[in-house]
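Note on naming: letters A, B, ... go to the chains in the order of the sequence lines (proteins, then strands), and numbering restarts at 1 for each one.
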Amino acid sequence: GAVVSQHPSRVICKSGTSVKIECRSLDFQATTMFWYRQFPKQSLMLMATSNEGSKATYEQGVEKDKFLINHASLTLSTLTVTSAHPEDSSFYICSASVSGQGYEQYFGPGTRLTVT
Amino acid sequence: QKEVEQNSGPLSVPEGAIASLNCTYSDRGSQSFFWYRQYSGKSPELIMSIYSNGDKEDGRFTAQLNKASQYVSLLIRDSQPSDSATYLCAVNGNSGGSNYKLTFGKGTLLTMNP
C-alpha cells in the first residue's frame, strides 16, 4: 500500500520551455501533497504544499509563478516548471500524506529534469 | 525555526554489526517522527515511524524515541550491504493547523565495512 507514482521519471527540455510533472497516489487518497527539490549531494528542499481544490502554499523563496501547482483531485497533483532555465535542472520529488496516520509522507520515485 | 540535527557521517559499520543512527529535534511540540532511507539517485523511502516514547521494532530496524530529551534514534541489526544509504530523520510538528509539513535532517550516510 501507499504507492505514489511520478511521470515522467526523466525529462530533458530546452531553455525557455515548460515542463509538467504528474504525481499520483495509486492506492490511497492523499489529504495533502508536497513538492520537493533536491540538488546533487544536498538535502531535500520543500517547495510547496498542496491540498485538493485549494491553492498551493509555497515556501519562502519559491516563485509561485514559475512553479505552478495544481491539485485537481485527491489522487493527482501536477507541478509545471514554466520558462525553464538550466539552473532549474534538479531532482523533483513529490510526496503524499494521509490524515489519521501521523501524516506519514510517501514519496514518489522522482523526476530528473535537465534543462539545456 | 524548527531544526532537526543529524551527524552527516559517513558512519562506517562492519557487515553484520549494529548501526546506530541518532537525531535530535528542537520543537518540543513535535508529535510524529520518521526515518527514511535514501539510496543515491533515488527518492526517500519510509522505513519507520514512531509516535510515543520507547522502542518500536520492525524486522531488523528499531526506532527509539525520548521526547523529554528530544531525541530519536534508529538501530539497524545485522547490517547488510544493502543498508548502505543516507538515512533521513524527519519530524512532524502537528501544530497550529498547518499542513503537517515534515522537517528533515540533512541525513547520515551509512556505509558497510566488508
Side-chain angles (χ1 to χ4, degrees), chain A residues 1-7 9-10 21 23 28 30-52 54-60 62 69 71 77 90-112 114, chain B residues 1-10 23 25 27 29-53 56 58 63 65 67 72 85-109 111:
Chain A
V3 178
V4 177
S5 71
Q6 264 184 261
H7 178 80
S9 59
R10 187 179 296 267
I21 302 170
C23 177
F28 67 102
T31 311
T32 306
M33 287 185 168
F34 303 84
W35 287 96
Y36 294 83
R37 182 166 57 179
Q38 189 174 37
F39 293 106
K41 299 191 184 303
Q42 293 191 22
S43 306
L44 286 171
M45 187 194 83
L46 179 65
M47 299 175 67
T49 303
S50 73
N51 291 295
E52 181 260 343
S54 61
K55 289 185 179 180
T57 302
Y58 290 81
E59 295 299 299
Q60 192 172 6
V62 177
I69 292 172
H71 195 153
S77 177
S90 188
F91 191 40
Y92 291 86
I93 316 172
C94 72
S95 70
S97 70
V98 181
S99 62
Q101 292 186 14
Y103 288 88
E104 295 175 346
Q105 286 186 29
Y106 299 93
F107 284 85
T111 297
R112 194 161 302 281
T114 303
Chain B
Q1 181 82 7
K2 299 175 185 178
E3 293 182 348
V4 176
E5 300 286 342
Q6 294 181 255
N7 188 319
S8 62
C23 172
Y25 58 95
D27 183 2
S30 298
Q31 299 290 320
S32 307
F33 307 86
F34 307 96
W35 283 99
Y36 287 85
R37 177 177 62 200
Q38 186 175 23
Y39 293 115
S40 180
K42 303 294 185 182
S43 65
E45 174 192 6
L46 178 64
I47 55 172
M48 286 291 284
S49 56
I50 187 166
Y51 307 108
S52 55
N53 281 327
K56 179 182 177 182
D58 184 1
L65 175 61
K67 289 186 177 181
V72 58
T86 296
Y87 289 81
L88 303 172
C89 173
V91 175
N92 186 324
N94 193 29
S95 61
S98 71
N99 287 305
Y100 301 102
K101 297 185 293 187
L102 290 179
T103 301
F104 282 88
K106 293 187 176 182
T108 298
L109 176 62
T111 61

What part of A:Gln42 gets within 4.5 angstrom of chain B, counting heavy atoms only: side chain, backbone, both, or neither? neither
Option from B:Ser30, B:Ser49, B:Ser32 for which side chain to side chain contact (heavy atoms under 4.5 Å, CB included) with B:Asn92 holds: B:Ser32
Interchain contact, B:Gln38 with chain A, by part (heavy-atom threshold 4.5 Å): side chain
Under 4.5 Å to a heavy atom of chain A? For B:Lys106 that would be both
Of the backbone (N, CA, C, O) and the side chain (C-beta and beyond), which part of B:Phe33 lies under 4.5 Å from a heavy atom of chain A, both, or neither? neither
A:Tyr92 ring centre to A:Arg37 NZ or CZ under 6.0 Å, with the angle to the axis within 45°? no
Side chain to side chain contact (heavy atoms under 4.5 Å, CB included) test vs B:Tyr25 passes for just one of B:Lys67, B:Gln6, B:Glu5, namely B:Lys67
Is chain A contacted by the side chain of B:Leu46, its backbone, both, or neither, given a heavy-atom distance below 4.5 Å? side chain
Do A:Met47 and A:Glu59 have side-chain heavy atoms sitting under 4.5 Å apart? no
Contact origin within B:Leu109 toward chain A - heavy atom pairs under 4.5 Å: neither
Test A:Trp35 against every option in A:Ser77, A:Ser50, A:Ser95 by the side-chain hydrogen bond (donor to acceptor under 3.5 Å, both in side chains) rule and name the one that passes. A:Ser77
